[in-house]
Protein chains: 2
Amino acid sequence: MRSADLEEIRSLPLFRDMAPAHFAELTRGAYHQSFPPQVDLIVEGRPADFLHVITDGAVELFARWNGRETTMAVVRPVSTFILAACINDAPYLMSARTLVPSRVALIPGTDLRSVFARDPAFAQAIVRELAGSYRGVVRHAKNIKLRNSKERLAAFLIAECERNGRSRTFALPYEKRIIASYLGMTPENLSRALKQLREDGVTIDGATVDLADFDRLCAIALPGRLMDR
Amino acid sequence: MRSADLEEIRSLPLFRDMAPAHFAELTRGAYHQSFPPQVDLIVEGRPADFLHVITDGAVELFARWNGRETTMAVVRPVSTFILAACINDAPYLMSARTLVPSRVALIPGTDLRSVFARDPAFAQAIVRELAGSYRGVVRHAKNIKLRNSKERLAAFLIAECERNGRSRTFALPYEKRIIASYLGMTPENLSRALKQLREDGVTIDGATVDLADFDRLCAIALPGRLMDR
DNA sequence: CGAACCCTTGACTCCGCTCAACCACGGTGG
DNA sequence: CCACCGTGGTTGAGCGGAGTCAAGGGTTCG
């Protein structure tokens with residue numbers, strides 16, 4: 001693994017405070033690989049062999065059942081995913097695939113569990129990471145169960161706007177069908193919902209969005225840290 | 001706190017392996033209280049002061065937004081809830097209220113965090129508990145997003161059946177309106193869905209359920225450990 | 001240039017919600 | 001003892017949101 005990559009991973013909250021020897025132990029058996037788009041990194045149901053750390057690109061976490069599919073989250077650098085399955089040595093509950101060309105570090109689950117049992121600082125960091133992930137899914141579930149599709153879309157646009165430094169215009173971060181699936185609707189419906197939001201100052205051209213009336217959107221989505229962080 | 005209660009709490013996976021002195025430290029500042037039904041134990045948004053351990057009864061975890069409400073889980077003895085908020089010292093994302101007369105032990109969050117930083121075995125247990133909770137919410141979200149209401153209901157009945165030792169008849173564990181909310185539908189709709197399932201061998205009398213054709217239900221719900229544990 | 005693929009649009013269907021009435025049950029108080 | 005009322009559950013009618021199916025346009029890429 002390149003030392004620049006190591007630095008980057010090392011600087012993550014998850015690894016920042018652990019003993020240097022333990023970090024070396026973790027990364028010794030690790031791979032760091034580049035993947036083209038649309039590669040399946042993880043398929044749900046398989047045993048959790050590796051903790052994944054995305055260092056570049058974007059990865060979709062999704063789930064399948066009975067021929068249907070829904071995206072649960074989109075992970076961006078630099079962060080980890082499917083830590084819970086690794087720690088519990090349990091089968092993955094979600095699949096993962098690259099959305100764009102991406103680089104991912106793979107840390108063997110056995111090493112992870114071994115170091116985790118010996119390094120208190122690392123254990124603490126894992127707890128924080130897990131607690132954060134947990135709260136993320138809770139927010140997602142609340143979002144799905146409490147808001148209707150128009151409200152979810154408005155909330156999503158607000159969140160994206162803030163991710164881009166509250167700039168009034170910005171680009172959608174990935175394909176609309178992914179956004180639709182993440183928001184729990186069909187692509188057709190997302191299209192219609194976007195059109196419907198034109199009355200609220202939202203204009204769309206391809207992937208670029210313009211929010212003319214931020215407050216109006218807020219009145220629809222009523223964003224708050226209990227659901228939108 | 002009564003010593004029998006202490007024993008019970010101590011035997012939980014979360015506390016089983018920690019140092020005796022640390023366990024004493026945790027429970028020293030703890031309360032153990034009885035509550036009547038319909039008491040709000042936690043209201044979302046408040047800072048997370050206490051880890052809750054339910055030792056008797058049943059507690060509903062739910063969330064509100066804009067006048068709507070949805071139940072996220074029902075917690076039964078003996079287990080803990082809202083660990084994530086406590087560990088992160090963050091506001092609760094969910095509210096909690098007793099469904100029936102219940103006993104709950106309250107462990108101060110400051111003590112929890114303090115011991116957690118010093119006791120590696122405890123930190124490990126917390127990680128396992130958190131990872132388990134995380135996977136629980138992921139399952140819930142998948143359930144909501146991938147199955148329609150009839151399928152969710154069938155899966156719920158199957159799960160309840162197995163909780164009762166696969167007995168063919170059993171009682172619904174709590175009010176139907178709670179079940180409806182948990183399954184992401186209205187009470188009216190639950191009623192209709194139950195009636196609809198009569199063709200599949202489900203008969204309902206008040207709170208008692210009879211499943212004449214388990215396999216038929218399975219064909220609808222397609223249960224699996226990736227969504228129904 | 002053709003072939004995918006994504007997005008959009010329209011028409012239609014249907015699942016699930018709303019609103020309203022009604023019933024069963026249990027508790028209360030006259 | 002019974003009238004009254006509140007609550008939870010059921011049922012029905014009507015509506016609307018969201019999915020499905022099908023077609024067409026725009027882009028990208030081989």
Side-chain angles (χ1 to χ4, degrees), chain A residues 36-38 58 60 65-71 74 97-101 143-154 156 171-199 202-209 220-221, chain B residues 36-38 58 60 62 65-71 74 97 99-100 143-154 156-157 171-199 202-209 220-221:
Chain A
Q38 304 301 330
E60 176 192 9
W65 178 80
N66 195 26
R68 300 167 208 168
E69 188 178 309
T70 187
T71 115
V74 174
R97 80 181 135 223
T98 55
L99 289 178
V100 297
N143 196 25
I144 296 291
K145 292 183 80 177
L146 288 169
R147 291 207 261 234
N148 63 29
S149 61
K150 183 180 175 183
E151 291 159 348
R152 291 199 294 275
L153 176 56
F156 179 82
L172 292 175
Y174 30 83
E175 289 172 348
K176 289 194 185 130
R177 38 182 285 270
I178 309 282
I179 298 177
S181 178
Y182 176 69
L183 296 179
M185 51 178 124
T186 59
E188 295 95 322
N189 228 319
L190 174 62
S191 226
R192 286 186 261 267
L194 279 170
K195 183 188 281 189
Q196 205 182 343
L197 280 182
R198 283 193 306 209
E199 320 172 351
V202 178
T203 54
I204 301 271
D205 178 34
T208 68
V209 185
I220 296 174
Chain B
Q38 304 300 328
E60 177 193 8
F62 64 100
W65 178 79
N66 195 25
R68 298 167 210 168
E69 189 179 307
T70 189
T71 115
V74 174
R97 80 180 136 223
L99 289 178
V100 297
N143 196 25
I144 295 290
K145 291 183 81 177
L146 287 170
R147 291 207 261 235
N148 64 27
S149 60
K150 184 180 177 183
E151 291 159 349
R152 291 198 295 275
L153 177 55
F156 179 82
L157 291 177
L172 293 176
Y174 31 82
E175 289 172 349
K176 290 194 184 129
R177 36 182 288 269
I178 308 283
I179 298 177
S181 177
Y182 176 68
L183 296 178
M185 50 179 123
T186 59
E188 295 95 321
N189 228 320
L190 174 61
S191 226
R192 285 186 262 266
L194 278 170
K195 183 189 283 189
Q196 203 183 343
L197 280 182
R198 281 193 306 207
E199 319 170 353
V202 178
T203 54
I204 301 271
D205 177 35
T208 69
V209 186
I220 296 174

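It should be emphasised that the depicted structure is a prediction, and the values quoted were computed from it without experimental measurement. Convention: sequence-line order gives letters A, B, ...; per-chain numbering from 1. Note that these values count all heavy atoms, side chains included, but never hydrogens, waters or copies made by symmetry.
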- To the nearest 10 degrees, how far apart in direction are the end axes of the helix from dC1(C)-dG30(D) to dG30(C)-dC1(D), each fit to five base pairs?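 The value is 30°.
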Partner set under side chain to side chain contact (heavy atoms under 4.5 Å, CB included) for [X], not counting sequence neighbours:
X	value
S191(B)	none
T203(A)	D210(A)
A221(A)	R147(A), A154(A), A155(A), I158(A), P223(A)
E188(A)	T186(A), R192(A)

- Query: Between which nucleotides of DNA chain D, read 5' to 3', does contact with chain B run, using atoms under 4.0 Å from its heavy atoms?
  - Reply: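 That gives a stretch of dG8(D) to dA13(D).
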Taking only nitrogen or oxygen atoms into account, show me every contact under 3.5 Å that the protein makes with nucleotides 16-19 of chain C, one pair per line with its distance.
residue : atom : partner : partner atom : Å
dG16(C) : OP1  : S149(B) : N            : 2.9
dG16(C) : OP1  : S149(B) : OG           : 3.1
dG16(C) : OP2  : S149(B) : OG           : 2.7
dC17(C) : OP2  : T186(B) : N            : 3.4
dC17(C) : OP2  : T186(B) : OG1          : 3.3
dC17(C) : OP2  : N189(B) : ND2          : 2.5
dT18(C) : O4   : R192(B) : NH2          : 3.1
dC19(C) : N4   : E188(B) : OE2          : 3.3

In whole angstroms, how far is the [atom2] atom of [N] from the [atom1] atom of [X]?
X	N	atom1	atom2	result
L190(B)	dC15(C)	CG	P	17 Å
I204(A)	dC6(C)	CD1	C1'	15 Å
E175(A)	dA4(C)	CD	P	18 Å

- Task: Check whether any side-chain N or O of T98(A) sits under 3.5 Å from a backbone N or O of Q38(A) as a donor-acceptor pair, and report yes or no.
- Result: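 Checked: pair present.
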Can you sort out the partners of [X] under side-chain hydrogen bond (donor to acceptor under 3.5 Å, both in side chains), two or more places apart, ordered by chain and number?
X	value
R198(A)	none
R97(A)	E60(A), E69(A)
T70(A)	K145(B)

- Message: What I'd like to find out is whether the side chain of I220(A) reaches to under 4.5 Å of the side chain of L197(A), using heavy atoms alone.
- Response: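 Side-chain contact under 4.5 Å: yes.
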- Quick one: is K195(A) getting a side-chain N or O under 4.0 Å of the dT9(C) phosphate, OP1 or OP2?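 Yes, K195(A) has a side-chain N/O under 4.0 Å of OP1/OP2 on dT9(C).
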- Could you name each residue pair satisfying side-chain hydrogen bond (donor to acceptor under 3.5 Å, both in side chains) that touches residues 171-181 of chain B, not counting sequence neighbours?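 Pairs touching residues 171-181 of chain B that pass the test: E175(B)-R177(B).
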